[in-house]
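Here's the structure, in structure tokens; my notes come after.
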Amino acid sequence: MGLTSHKVLALTVVIAVVMMVGTVWLWPRLAKRSWQAVLGRIGALLATQVTVLAALGLVANNYFAFYSSWDDLLGTGDNGPVVIQNKADASGRLLVETIGHANVQGGGALGRDPKQSGEIREVRIDGAVSRLSTEGYVYLPPQYFQPEYAQKQFPAVIISTGFPGIAKNLVTRLNYPGAALKLLQEGRMQPTVLVLMTPSPALPKDTECEDVPGGPQSDTYYTRDVPSAIQATFRVSTAAQAWGFMGNSTGGYCALKLAMRHPDVFPTAVSLSGYYRAADDPTTVDLFKGADGEQRRSEADLMWRLKNLPQPKVSVLLAGTKEGDGEYRRDTEAFVGAVQSPMKVSYSMLQTGGHNFETWSKLLPSSLEWLSERLKVPGQPV
């Protein structure tokens, strides 16, 4: 049974309840002063606590989707970059492989007709340069299937969740397709192709969207491979001003960093509760190894980039909370204060809220609207 299986959760909860009841039932017998009774009490308490914590951990994991399998949790899966056999059309361009479909939920979705609600495709995106491959989702808006738009190109946004979340969170928890459809119906967003992904193409490693020497080339994957594959498969514009990057937490950090590094690829970015320097913990392993490691570490610090490198011509939105998310407000105010022309920054903050899906769901509509206003397909009105 898989880690996220309801059967595993139910079994764990039953075991926890049995252990608690058993401990209460046997406690009078374990009240003696013999060493056997003392060991029995210790064992009963430990067993009860372990089973209760295991049940709570499974509930939290199923809710937030931190780990999708036992291999993810235990780190026993294939940790190396994925070597792929690229699929291409007759011209040699890479294609995105569709491996499933999902219905749009909420947002005024009208049945399963893609001309009314759009379509969600579960996909596998191969990287020609990075040799990486990940699974995610592509949301195609209703207009993509309507005859009057048959010859039109669409803007596109790559959207990344936080680490160690999975792309499915962006459909089931944040519901980007439903939010986009509702804004589209209200006239607050233009028809846009959404590419929903994880922030690391080399799970269970957290690559922080870096090109790691001798390791996963995540920066290359997101800035070269993914746009190329999406442009080869769907009717999206190849113009830079039609592309944006958006994400929450780690995905927000990636959005800002990749836009600042590659303004010719993503001139617009949105960060929902994103941080401003690369994480450094056991999941990141050694992102900055090598002789130039310290320089690359500095360049991955977005405040350092603002102060020491020419600021790029990009527009970014920082969205989060004033209270409830650690030092986010302080760090964001420092970042905003350091931005200079030609870079442009906007920010939006709720009064309170944690580093969680509830907060990001509240920030999502206004953030998508802001982003949509800045996406331009040459020769087409917004």
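Just the heavy atoms: all of them, side chains too, but no hydrogens, waters or symmetry mates, feed the values below.
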Verdict with supporting geometry, Glu294 and Arg297, salt bridge (Lys or Arg N to Asp or Glu O under 4.0 Å): CA-CA 5 Å; Glu294 287 306 311; Arg297 185 188 300 275; 3.6 Å; yes
Any chance you could measure [X], atom [atom1], to [Y], atom [atom2], to the nearest 0.5 Å?
{"X": "Asp264", "Y": "Lys313", "atom1": "CG", "atom2": "NZ", "result": "13.0 Å"}
{"X": "His355", "Y": "Trp360", "atom1": "NE2", "atom2": "CH2", "result": "4.0 Å"}
{"X": "Lys182", "Y": "Met189", "atom1": "NZ", "atom2": "CE", "result": "13.5 Å"}
{"X": "Phe335", "Y": "Tyr275", "atom1": "CZ", "atom2": "OH", "result": "14.5 Å"}
{"X": "Leu170", "Y": "Leu364", "atom1": "CG", "atom2": "CG", "result": "9.5 Å"}
{"X": "Leu272", "Y": "Thr161", "atom1": "CG", "atom2": "OG1", "result": "10.0 Å"}

Main chain of [Y], side chain of [X]: is a donor-acceptor contact present, judged purely on distance under 3.5 Å?
{"X": "Gln217", "Y": "Asp211", "answer": "no"}
{"X": "Arg277", "Y": "Trp304", "answer": "no"}
{"X": "Gln190", "Y": "Ser372", "answer": "yes"}
{"X": "Glu208", "Y": "Ala279", "answer": "yes"}
{"X": "Arg261", "Y": "Asp219", "answer": "no"}
{"X": "Ser218", "Y": "Ser200", "answer": "no"}
{"X": "Arg305", "Y": "Gln311", "answer": "no"}
{"X": "Tyr328", "Y": "Gly274", "answer": "no"}

Side chain to side chain donor-acceptor pair (under 3.5 Å) contacts in which one or both residues fall within residues 44-57, not counting sequence neighbours: Thr23-Thr48
Quiz question: by atom type and distance under 3.5 Å, do the side chains of [X] and [Y] form a donor-acceptor pair?
{"X": "Tyr276", "Y": "Thr332", "result": "yes"}
{"X": "Asn356", "Y": "Thr359", "result": "yes"}
{"X": "Tyr222", "Y": "Ser160", "result": "no"}
{"X": "Thr192", "Y": "Tyr139", "result": "no"}

A side-chain contact here means heavy atoms from C-beta on lying under 4.5 Å apart; do [X] and [Y] qualify?
{"X": "Ile125", "Y": "Val195", "answer": "yes"}
{"X": "Arg124", "Y": "Ser133", "answer": "yes"}
{"X": "Val377", "Y": "Phe154", "answer": "no"}
{"X": "Thr207", "Y": "Tyr221", "answer": "no"}
{"X": "Trp370", "Y": "Thr268", "answer": "yes"}
{"X": "Ser367", "Y": "Leu317", "answer": "yes"}
{"X": "Ser298", "Y": "Asn308", "answer": "no"}
{"X": "Asn248", "Y": "Leu174", "answer": "yes"}

Using every non-hydrogen atom in the two residues, find where [X] and [Y] come nearest and quote the distance to one decimal.
{"X": "Pro142", "Y": "Leu181", "value": "CG-CD1, 3.8 Å"}
{"X": "Pro191", "Y": "Leu184", "value": "N-CD1, 3.6 Å"}
{"X": "Ala167", "Y": "Gly136", "value": "CB-CA, 4.0 Å"}
{"X": "Glu369", "Y": "Leu183", "value": "N-CD1, 4.2 Å"}
{"X": "Pro199", "Y": "Cys209", "value": "O-SG, 3.8 Å"}
{"X": "Ser249", "Y": "Gly162", "value": "CB-CA, 4.1 Å"}

Plane angle bin for Phe266 and Trp243 - parallel if under 30°, tilted between 30 and 60°, otherwise perpendicular: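 Correct class here is tilted.
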Parallel, tilted or perpendicular: ring planes of Tyr144 versus Phe234, cut at 30 and 60 degrees: perpendicular
side-chain contact (heavy atoms from CB on, under 4.5 Å) evaluation trace for Thr352 with Thr321: CA-CA 5 Å; Thr352 61; Thr321 61; 5.9 Å; no
Under-4.0 Å salt bridge between Glu210 and Lys205: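 Lys205 and Glu210: not salt-bridged.
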Glu148 atom CD, over 12 foreign heavy atoms within 6.0 Å: yes
CZ (Arg235) with more than 12 external heavy atoms under 6.0 Å: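 Correct, the count exceeds 12.
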Is [X] linked to [Y] within one hydrophobic cluster, defined over Ile, Leu, Val, Met, Phe, Trp and Tyr using a side-chain heavy-atom separation of less than 4.5 Å?
{"X": "Phe288", "Y": "Tyr253", "value": "no"}
{"X": "Met303", "Y": "Val345", "value": "yes"}
{"X": "Tyr347", "Y": "Met343", "value": "yes"}
{"X": "Val336", "Y": "Leu306", "value": "yes"}
{"X": "Leu318", "Y": "Leu363", "value": "no"}

side-chain contact (heavy atoms from CB on, under 4.5 Å) between Leu368 and Tyr176, worked out: CA-CA 9 Å; Leu368 281 173; Tyr176 269 89; 4.2 Å; yes
